[in-house]
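Structure record follows, encoded as structure tokens.
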Amino acid sequence: MPSRSELDLLYQIGSQLAPAIHQAQNWPYDVPHAQYEASLWPPHDVGGQPDAPVRYEEKEEEQWELDTYVTCEVLGWKGVWNAEERRRRGNNDIGLSLYYDFPYYGRWVLCAARMLVDKNHVSLLELLEKIAEVKARYGKP
Amino acid sequence: MAQTHDHGDHSHPAAPMVEEISDFEILEIAVRELAIEKGLFTAEDHRKFTEWAEQIGPAGGSRLVAKAWTDPAFKARVLSDGVAACREIGIDWAEPTGQGTPSDYMELRVLEDTPTLHHVIVCTLCSCYPRPLLGHSPYWYRSPNYRRRLVRWPRQVLTEFGLVLPPEVEIRVEDSNQKCRFMVLPMRPAGTESWSEEQLAEIVTRDCMIGVALPRPDRKADDVRPVHKASRPVGGEHHEPGGSP
């Protein structure tokens, strides 16, 4: 359980991460049909969105990133999940804050963990215990 | 490396420098080990796929382009059926599972540049890339910035990569997707008329096949760009299931 001050910190950071929205969204009483459809099928491509020039740089790959790629692919190979579940739902349909705040493979590994629980391959408790066990194994507080 | 640090009135040796394992590393190990423990896949499956994933790279694409430059009949086959043409140079899109990877569907279209048309690829949805032929995509290719801007300001973005094209050259941006992968077949540069296939392949760099650079007789590597180093890069220290730090 996080402490009160830890929670405060999380909320403080989280409030700064929320992206700007272009239309006020505050639980409307009614939703026109077009908006209903649009809400169910949010666009996931970012082509044409405004952005400023940046310095394009090469990023050396972390071992965990390659391992994540392989784990997610092997789960697909063995039929544990399909592309729709992985890409559209798992990698993209996760809310903008998380989408932009995690590194590329961070999103992959998070959705793999969520999928194992969602599909009852492991219980949430098993996942949490495994994470705690791995943390302890590597001496992470 | 022995280190000391001060506590004002005294100092003592610090613990050995061990960079703390990250949350993502922990989650990755947890997911992999649970999947193996639950029988969703075996450690051998993971090893086999890793072996494949570690040997892919842009060299395959370079060979494809060099052969297409020197063999018009091969080029015609490249343009009509990219995946079949890849088999001729020893790249089988069916690897490593027999049915390809779950992500890289066995469909490749090669886009031929002409004196008046230049192609460049992007994936505005996520990060689709012809992995079996070019290896893993560079991080900037997956970045929201590249994906956002390339489709709207292609000429400007190419300039930022150091590629300035004359205004009479049309730029066509191909948006990759889940079911079809693209690669650029650049034009063979002047001054390479007597070159062998092997010599030609050396100047076809990854960036040339993405379309953010053009092959040049005097350049065998992509332009130097800043590199962000990994904390624990691929091939270094590896957290094996059940292993110790």
Side-chain angles (χ1 to χ4, degrees), chain A residues 43-78 80-83 86-87 91-92 99-100 102-106 109-110 112-113 116 121-122 126-127 130-131 133-135 137-141, chain B residues 18 20-22 24-35 38 40-41 45-46 49-50 53-54 97 101-103 122 124-127 136 138-140 142 144-152 156 160-161 175 178 225-239 244-245:
Chain A
H44 288 134
D45 72 90
V46 301
Q49 289 179 4
D51 208 341
V54 295
R55 183 180 71 167
Y56 293 117
E57 59 181 27
E58 301 294 331
K59 166 73 171 74
E60 195 179 28
E61 191 155 77
E62 302 281 352
Q63 182 66 52
W64 73 265
E65 294 177 312
L66 181 73
D67 290 336
T68 294
Y69 164 71
V70 172
T71 293
C72 291
E73 288 287 84
V74 176
L75 285 169
W77 172 21
K78 298 297 167 183
V80 181
W81 59 1
N82 63 31
R86 275 177 73 178
R87 306 272 181 234
N91 283 346
N92 293 324
Y99 184 82
Y100 288 123
F102 267 18
Y104 179 77
Y105 281 117
V109 71
L110 179 72
L116 291 182
H121 292 300
V122 302
E126 276 178 300
L127 175 64
K130 173 60 94 173
I131 289 171
E133 188 253 296
V134 175
K135 272 185 181 173
R137 195 191 307 165
Y138 291 99
K140 189 178 171 79
Chain B
V18 177
E20 195 177 280
I21 188 167
S22 74
F24 295 123
E25 286 176 301
I26 286 170
L27 198 52
E28 187 281 315
I29 295 167
V31 167
R32 177 162 35 114
E33 291 185 359
L34 283 171
K38 296 293 176 180
L40 301 178
F41 59 71
D45 295 330
H46 200 278
F49 207 106
T50 299
E54 283 180 337
T97 70
T101 78
S103 291
V122 65
T124 61
L125 181 67
C126 178
S127 54
H136 301 281
Y139 205 92
W140 54 257
R142 310 166 192 162
N145 187 285
Y146 179 79
R147 292 160 49 208
R148 281 169 172 153
R149 296 175 61 236
L150 186 71
V151 287
R152 185 168 286 182
Q156 181 186 333
E160 291 160 21
F161 278 96
D175 196 352
Q178 201 180 43
R225 229 167 262 139
V227 179
H228 187 94
K229 302 294 279 182
S231 307
R232 273 185 275 273
V234 171
E237 176 195 358
H238 199 165
H239 298 295
S244 54

* Sort out for me which of B:Ala230, B:Ser22, B:Pro138, B:Ala35 touches chain A most, counting heavy-atom pairs under 4.5 Å. => B:Ala230
* Do side-chain atoms of A:Lys140 reach the backbone of B:Ile21 as a donor and acceptor pair under 3.5 angstrom? -> yes
* **Spatial distance of atom CG (B:Leu125) from atom CG (A:Asp45) [nearest 0.5 Å]** => 6.5 Å
* Asked: side-chain contact (heavy atoms from CB on, under 4.5 Å) between A:Tyr69 and B:Glu28: does it pass, once the steps are laid out?
  -> CA-CA 10 Å; A:Tyr69 164 71; B:Glu28 187 281 315; over 6 Å; no
* Specify whether B:Phe24 and A:Trp64 have parallel, tilted or perpendicular ring planes, treating 30° as the upper limit for parallel and 60° as the lower limit for perpendicular. => parallel
* Closest heavy-atom contact between B:Arg148 and A:Pro50? -> CD-O, 4.0 Å
* Intermediate values then yes/no, side-chain contact (heavy atoms from CB on, under 4.5 Å), A:Val134 and B:Glu33 -> CA-CA 10 Å; A:Val134 175; B:Glu33 291 185 359; 4.3 Å; yes
* Asked: Do we see a donor-acceptor contact under 3.5 Å between the side chains of A:Thr68 and B:Arg32?
  -> no
* Approximate separation, where rounding is to 0.5 Å, of B:Arg232 CZ and A:Asp67 CG -> 12.0 Å
* How far apart are the C-alpha atoms of B:Phe41 and A:Trp77, what are their side-chain angles, what is the distance that settles it, and do they pass the side-chain contact (heavy atoms from CB on, under 4.5 Å) test? -> CA-CA 9 Å; B:Phe41 59 71; A:Trp77 172 21; over 6 Å; no
* To do: Output the option from A:Pro141, A:Pro103, A:Ala112, A:Cys72 having the highest count of non-hydrogen pairs under 4.5 Å with chain B.
  => A:Pro103
* To do: Could you look at B:Phe161 and say if it's the side chain, the backbone, both or neither that has a heavy atom under 4.5 Å from chain A?
  => side chain
* Ion pair check, A:Glu58 and B:Arg225, cut-off under 4.0 Å -> yes
* Separation between CD1 of A:Ile131 and CD1 of B:Ile26, rounded to the nearest 0.5 Å -> 8.5 Å
* **Distance-minimising heavy-atom pair for B:Pro226 and A:Glu57** => O-CB, 3.1 Å
* Asked: Quick check: does any side chain N or O of A:Glu61 sit under 3.5 Å from a backbone N or O of B:Val234, one acting as donor and the other as acceptor?
  -> no
* To do: Quick one: list whatever passes ring pair (Phe, Tyr, Trp, His ring centres under 6.0 Å) with A:Tyr99, sequence neighbours left out.
  => none
* **Minimum-distance pair of heavy atoms, taken over all atoms of A:Gln63 and B:Gly235** => OE1-N, 2.8 Å
* To do: Determine the option with the most heavy-atom pairs under 4.5 angstrom with chain B, choosing from A:Val70, A:Leu116, A:Leu75, A:Leu66.
  => A:Val70
* Asked: Would you call B:Ile29 and A:Arg137 a side-chain contact if the rule is heavy atoms closer than 4.5 Å?
  -> yes
* Asked: Between A:Glu62, A:Lys59, A:Lys78, A:His44, which has the largest tally of heavy atom pairs under 4.5 Å with chain B?
  -> A:Glu62
* When A:Gly106, A:Ala52, A:Ala83 are compared by non-hydrogen pairs under 4.5 Å with chain B, the top option -> A:Ala52
* Asked: Salt bridge or not for B:Lys38 and A:Glu126, using N-O below 4.0 Å?
  -> yes
* To do: Could you tell me whether a side-chain N or O of B:Arg152 sits under 3.5 Å from a main-chain N or O of A:Gly48, the two making a donor and an acceptor?
  => yes
* **Residues A:Glu60, B:Lys229: salt bridge by 4.0 Å N-O rule** => yes
* Would you give the length of the straight line joining atom OG of B:Ser127 to atom CZ of A:Arg87, rounded to the nearest 0.5 angstrom? => 6.0 Å
* Ion pair present between B:Arg149 and A:Asp51, side-chain N to carboxylate O less than 4.0 angstrom? -> no
* **Side chain proximity check, B:Leu40 to A:His121, heavy atoms < 4.5 angstrom** => yes
* To do: Would you name the heavy atoms of B:Pro102 and A:Gly76 that are closest together and state the gap between them?
  => CG-C, 3.8 Å
* **Top contributor to chain A contacts, counting heavy-atom pairs under 4.5 Å, from B:Thr101, B:Val122, B:Val31, B:Asp45** => B:Asp45
* Between A:Tyr104 and B:Tyr139, what is the ring plane arrangement, given parallel below 30°, perpendicular above 60°, and tilted in between? -> perpendicular
